[in-house]
Amino acid sequence: MGAFSDKAFDIVRRIPRGRVMSYGAVARAIGEPRKSRFVGYAMRNNPDPDIYPCHRVVFKDGAICDSYVFGGPEVQKRLLEQEGVPFLDDTHVDMAKCAWTPGEDTFGRPTDIDWEREIGD
DNA sequence: ATTTTGACGGCAC
DNA sequence: CGTGCCGCCAAAA
């Protein structure tokens with residue numbers, strides 16, 4: 001995989017549970033906002049969905065991609081709901097509430113590595 | 001080397 | 001709020 005994909009996965013891996021990032025946000029986090037599209041391309045080659053929560057990457061609108069998803073958009077939505085990600089409607093995530101960006105505190109926050117912990121709060 | 005193809009995003013309708 | 005188009009740019013054919 002290219003260096004870009006590597007960076008993309010590095011960012012995605014840090015997305016805490018219950019939060020999401022848009023493809024463009026990931027691209028911007030990498031420093032190349034123009035390659036938002038390529039982020040999706042990278043996700044398509046996700047080596048290990050268990051390590052890289054690509055399901056937390058959605059459209060800027062909060063919509064979920066309808067193609068090339070591991071188990072279909074429904075599965076992705078299901079995973080997000082499971083994490084407590086708020087939805088505006090049946091097809092859109094409430095980005096205003098769960099949009100995340102690197103730099104926010106992930107220290108005490110649960111990340112992909114904390115799958116064991118439940119969202120109970 | 002050239003053409004086609006997108007897990008996108010923005011903007012016009 | 002949904003559709004359609006165009007611009008980006010690397011990867012695949």
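In what follows, chains are A, B, ... by sequence order, proteins preceding strands, each numbered from 1.
- Judged purely by atom type and a 3.5 angstrom limit, A:Gln76 uses its side chain to pair as donor or acceptor with the backbone of A:Val57.
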*Would you please test A:Leu80 and A:Phe87 for side chain to side chain contact (heavy atoms under 4.5 Å, CB included) and show each step?*
CA-CA 9 Å; A:Leu80 292 175; A:Phe87 276 73; 3.9 Å; yes

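- B:dA7 atom C1' lies 14 Å from atom CG of A:Asp61, rounded to whole Å.
- Residues of residues 31-42 of chain A that place a heavy atom closer than 4.0 Å to DNA chain B, in numerical order, are A:Ser36, A:Arg37, A:Gly40.
- Taken to the nearest 0.5 Å, the CD1 atom of A:Ile11 stands 6.0 Å off from the CE atom of A:Met21.
- Checking the phosphate oxygens (OP1, OP2) of B:dG10, a side-chain nitrogen or oxygen of A:Lys60 falls inside 4.0 Å.
- To the nearest angstrom, P of B:dG9 lies 12 Å from NE2 of A:His92.
- Atom SG of A:Cys54 sits about 11.0 Å away from atom CG of A:Asn45, to the nearest 0.5 Å.
- One finds a side-chain N or O of A:Ser22 lying less than 4.0 angstrom from the OP1 or OP2 phosphate oxygen of B:dG9.
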*Just do the side chain to side chain contact (heavy atoms under 4.5 Å, CB included) check on A:Asn46 and A:Val12 with the steps written out, would you?*
CA-CA 11 Å; A:Asn46 190 345; A:Val12 173; over 6 Å; no

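- Distance A:Asn45 CG to C:dA12 C1': 11 Å, rounded to the nearest Å.
- In this entry the distance linking CE of A:Met43 with C1' of C:dA10 reads 15 Å, nearest Å.
- Between A:Arg13 and A:Asp10, the shortest heavy-atom contact is NH2-OD1, 2.9 Å.
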*Tell me, with the steps shown, if A:Arg56 and A:Glu83 meet salt bridge (charged side-chain N to carboxylate O under 4.0 Å, His left out).*
CA-CA 10 Å; A:Arg56 292 178 191 149; A:Glu83 298 182 2; 3.0 Å; yes

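- What separates CZ of A:Phe59 from P of C:dT3 is a distance of 14 Å, to the nearest Å.
- Nucleotide C:dG2 holds its P atom 11 Å from the CG atom of A:Leu88, rounded to whole Å.
- Atom-to-atom distance recorded for A:Phe59:CZ and A:Met95:CE is 11.0 Å, nearest 0.5 angstrom.
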What N/O pairs connect the protein and nucleotides 11-13 of chain B at under 3.5 Å? Give each pair on its own line.
none

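- Regarding A:Leu80, its CG atom lies at a distance of 13 Å from the C1' atom of B:dA7, rounded to whole Å.
- Nucleotide C:dC8 holds its P atom 18 Å from the CZ atom of A:Arg28, rounded to whole Å.
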